[in-house]
Amino acid sequence: MIGFPLPYPDELIYSTIARYGIHSGLTSPKELLQEVFGKNTIVATSDLHGHLEQVAELYPGELNVQPESLLYKHTLFPLYALFIGEPRRTELKKQLLADKVHSAHVMSGFAASRITQPYYLRYCPKCIEQQWNQFGECFWRRDWQIAGMDYCPLHGELKETAVRRTSYKRHVYTAASQDLCSHKPQSKTNRQSDVLNSSIASILNLPEQPVPTIIQWGLFYKALACDFGFNRGCNIEHEEVARRVTNYWSESWLKSVGLKLIDSDTCWLRSLFRKHRKSFSYLEHLVVLHALLGDTIALNDVIKDVKSYEPGKSVTHSLMLQADKLTILKRRRVWLKAIKNKGTKRARFEGAGDVYAWLYRHDRAWLLSLNAKLMCKRSVLPTRVNWSSFDRGLLKTLISIRDGFEIKLESPRRSRNWYFNQLDHKSKVEKNLDKLPLCELFLNRYSETISDYQIRRITCVAVERYKQSEPLKRWDVLRSAGLSEERLTEEAREFLYEVLEL
């Protein structure tokens, strides 16, 4: 096609097509679609535009415009491709290049993402002014439309237009203009956007390459938590990770982008450090990486590290990576300066954690040797425990716990583990139970079985109905007790039949 414009650096394909409509004087959206794509059913998509092979064919062969180049340099595809695994990346790429209806927003995870997306197209007033002075026209930059990036790195706060990103006019391409993007005063950038800016720019400018699998990302995060001591054996201490993330980003900012941390097993942060059964968004990854590794991330090193993990193998620390001697010496000096002022533990948790993690991956022998020399040695006097006396005292404590909960029918199941959790020295008792015969006898006798617990729950409901003078019905008792016919044990079934006559 003669006259179809080349995209400017970091310009969205959506914007390029909209500019062509202005250049050609096409006022009808359907006419623009017919001229560019040969049909008028194409949906104007700002972030993950498809039909890129058709767009690439609009340029003369001498320009050698490749559809893959348009995909990686003029859409937000790189933000999603890095974290969705190689099979989905390949399929998503194929869909966006081909001339067919695609499900890119579902496959990329955009549709199900918890991240708060911008509702309108955004712009930087000063950048718009510079574009007009340099090119004589304006265009939509892709980094303006990224969730979590609310500020232009050069000028300040991004402003919203009246153009919806997902418009009810699905076939309209709206070009940027000085009238639409009016000049408004901008507030200065915030720390969070400053931190994210370089990482997001690195992701957007990554060359096309095979990406790590979802399983490899899961192994990487488990190893990263172990590097920082946020683990107890193979178990991750999720509360410590959450505290680190919250202290770094702030609760208000995490809530504003849709990544509020909740005290639940379903929290996205906990899921990120478990075995990955689904992909996570770029913002979730960057939030954790920056919180643990600091303001500056060597993204290529991170990707190389993630790819080095082999699925199926147990991970308690990250694998060793190669680095040049000059870089290693620089990092050594930074770490020596940090531990000189703060000591090894404080240095890790107060600003030099990224240096520690880098050295752990690239120069582990030197790091561990140095830290061992500087470790404070505490003199521990050997102590002998009078287990017989401890056993008798502990038995009295267990009896008082049993008596205190005896009339509380609504309390949780009083299993052996429940009794352990009521004690101040749970692990000491668990590990030495063979030396505590009285306590073991008590636990064997008074620990509640599943049948005992079900009977107590049924009794609790029956007492409540008796107090309210309501008749007992089998289905009502089971439902109120949180039981069902399938889960009911034989002892509980006999109790219902013989005692309550239900």
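What you see is a predicted model; the values in this text were computed from it and never measured. These numbers come from the heavy atoms of this one structure, side chains and all, not from hydrogens, waters or symmetry mates. All residue numbers in this chain count up from 1 along the given sequence.
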Residues Glu284 and Ser281: side-chain donor-acceptor under 3.5 angstrom: yes
Counting heavy atoms not belonging to Glu251, are there more than 12 under 6.0 Å from its CD? no
Would you say Glu86 and Thr90 are linked by a side-chain donor-acceptor pair, where the criterion is simply a distance under 3.5 Å? yes
Stepwise, does the ring pair (Phe, Tyr, Trp, His ring centres under 6.0 Å) test hold for Trp217 with Phe83? CA-CA 8 Å; Trp217 278 111; Phe83 306 107; 5.3 Å; yes
Please check if any side-chain donor atom of Asp143 sits under 3.5 Å from a side-chain acceptor atom of Gln145, or the reverse. no
So for atom NZ, which belongs to Lys428, do other residues, nucleotides or ligands contribute more than 12 heavy atoms lying within a distance under 6.0 Å? yes
When you compare the side chain of Trp140 with that of Glu11, does any pair of heavy atoms fall below 4.5 Å? no
CG (Leu33) and NZ (Lys30) are apart, to the nearest 0.5 Å, by 7.5 Å
Report, as yes or no, whether the 6.0 Å neighbourhood of atom NZ on Lys94 holds more than 12 heavy atoms from other residues, nucleotides or ligands. no
Cation-pi check, Arg122 onto Trp144 ring (under 6.0 Å, within 45° of axis): no
Distance-only polar pair, side chains of His290 and Ser199, donor-acceptor under 3.5 Å: yes
Is the closest side-chain donor-acceptor distance between His276 and Tyr221 under 3.5 Å? no
Tyr248 six-ring face occupied by Arg191 cation (under 6.0 Å, within 45°): yes
Just by distance, with hydrogens left out, do His105 and Asp47 show a side-chain donor and acceptor under 3.5 Å apart? yes
Side chains of Leu261 and Trp268: closer than 4.5 Å at any heavy-atom pair? yes
Verify whether one side chain among Gln209 and Lys307 offers a donor that lies under 3.5 Å from an acceptor in the other. yes
Taking the side chain as every heavy atom from C-beta outward, state whether Glu137 and His23 have any pair of such atoms under 4.5 Å apart. yes
Classify the ring geometry of Tyr173 against Tyr14: parallel below 30°, tilted from 30° to 60°, perpendicular beyond 60°. tilted
Does atom CG of Asp263 have more than 12 heavy-atom neighbours, drawn from other residues, nucleotides or ligands, at distances under 6.0 Å? no
Under a 3.5 Å cutoff, is there a donor and acceptor pairing between the side chains of Glu35 and Tyr20? yes
Once you measure the plane-to-plane angle for Trp358 and His362, does it fall in the parallel (<30°), tilted (30-60°) or perpendicular (>60°) bin? parallel
